[in-house]
2 protein chains.
Amino acid sequence: MVVDQHRVRTDRVFHALADPTRRDIVRRALGGEHSVSALARAYPMSVAAVQKHVSVLERAGLVTKIRSGREQLVRGNVKALVEARRALDRLEEVWRSRIERIGEILAEEEGSSR
Amino acid sequence: MVVDQHRVRTDRVFHALADPTRRDIVRRALGGEHSVSALARAYPMSVAAVQKHVSVLERAGLVTKIRSGREQLVRGNVKALVEARRALDRLEEVWRSRIERIGEILAEEEGSSR
DNA sequence: ATAATCTACAACCAAATGGTTGTAGATCAA
DNA sequence: TTGATCTACAACCATTTGGTTGTAGATTAT
């Protein structure tokens with residue numbers, strides 16, 4: 001299905017963001033490029049662990065790696081972030097239109113009772 | 001820590017949203033109240049499984065259960081959704097201010113080279 | 001040339017996740 | 001009253017997750 005692709009991507013983005021270390025990596029990577037080992041020095045875990053986090057972020061499209069000599073620079077990708085926000089907005093829209101519906105019904109009742 | 005609470009809540013919200021069934025439950029619950037078993041009929045899984053999903057959403061604050069006789073009505077909670085969006089916005093802001101910084105530097109160079 | 005650094009990746013492990021079935025209590029309908 | 005429905009929750013299971021250590025190749029620095 002076509003819808004599935006989007007669904008899986010949404011799954012990945014939200015899952016990637018559901019971890020404080022990964023959110024922090026995204027934050028740093030959006031502010032500028034950082035090598036994997038430079039990132040690793042910021043957290044109380046092994047380089048391999050951070051590598052895995054970066055890999056999760058990469059598969060979610062939140063981050064891109066760019067080779068530069070022996071190091072791999074991680075750069076944040078704002079587009080994936082915007083996509084995630086739009087998914088939230090679509091949910092919110094459901095709520096908003098329900099409220100509007102209720103408002104209309106109330107308005108009608110007001111009208112017919114006077 | 002104070003920060004921890006917010007971090008954990010953010011973790012929970014994003015984790016809760018990282019599943020298509022749960023996003024769909026939130027969608028329905030934002031549109032109106034549904035009992036757990038009514039929700040369960042919409043998915044190819046057991047009632048117990050849906051109960052667990054609802055429970056995850058509830059702990060994330062995305063949904064509230066309201067007893068009504070023998071059934072438990074699930075209602076979407078837009079506030080948690082807004083919180084999640086704000087977390088995304090804060091990330092995006094990091095990117096935005098970097099771009100601005102770059103813009104300023106470019107503008108300066110333009111100025112000094114003419 | 002050698003040593004240090006950065007990355008990749010495999011193997012392993014404990015805990016969490018997402019599902020199942022089964023049991024039991026409450027509420028509602030016949 | 002009896003039977004059906006709705007919910008809660010425990011026990012179980014396979015898979016995924018998030019960490020570890022260890023090994024090895026590439027690149028850079030001395």
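In what follows, chains carry the letters A, B, and so on, assigned in the order in which the sequence lines appear, proteins first and then strands, with residues in each chain numbered from 1.
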Query raised in the report: What is the distance from CD of B/E71 to C1' of C/dA29, rounded to the nearest Å?
Result: 14 Å

Query - Between D/dT7 (P) and B/K65 (NZ): distance, integer Å - result: 9 Å

Requested in this report: Using a cut-off of strictly less than 4.0 Å, decide whether A/Q51 has a side-chain nitrogen or oxygen near OP1 or OP2 of C/dT7.
Outcome: no

Report task. Using only side-chain N and O atoms of B/R41, determine if any of them is under 4.0 Å from OP1 or OP2 of D/dC6. Result -> yes

Query raised in the report: Roughly how many Å is it from CG in A/D11 to P in C/dT17, rounded to a whole number?
Result: 15 Å

Report summary line: side chain to side chain contact (heavy atoms under 4.5 Å, CB included) with A/V36: of A/I25, A/V74, A/L73, only one passes, and it is A/V74

Query raised in the report: On DNA chain D, nearest-nucleotide positions of A/R67 versus B/K52: which is more 5'?
Result: B/K52

**Report entry** Between C/dG18 (C1') and B/I25 (CD1): distance, integer Å
**Finding:** 12 Å

Query raised in the report: B/D19 CG to D/dT17 P: how many Å, rounded?
Result: 12 Å

Query raised in the report: For the atom pair CD (B/E92) and CG (A/L30), what is the distance rounded to the nearest 0.5 Å?
Result: 9.0 Å

Report task. Using a cut-off of strictly less than 4.0 Å, decide whether B/S46 has a side-chain nitrogen or oxygen near OP1 or OP2 of C/dT21. Result -> no

Report summary line: Shortest non-hydrogen pair, B/A29 vs A/R98, comes out as O-NH1, 4.2 Å

Query raised in the report: Taking atom P of D/dT5 as reference, at what distance in whole Å does atom CD of B/Q72 sit?
Result: 19 Å

Report summary line: From NE2 of B/H15 across to C1' of D/dG18 the rounded distance in Å is 13 Å

Report summary line: 5'-most contact on DNA chain D (nearest-nucleotide basis), A/R59 vs B/V36, goes to B/V36

Query raised in the report: Between the side-chain atoms of A/R70 and the base atoms of C/dT5, is any donor-acceptor pair under 3.5 Å?
Result: yes

Query - Side-chain ion pair, B/R86 and B/D89, N-O less than 4.0 Å - result: no

Requested in this report: Please state how far atom CE in A/M45 lies from atom C1' in C/dC13, giving the value in whole angstrom units.
Outcome: 17 Å

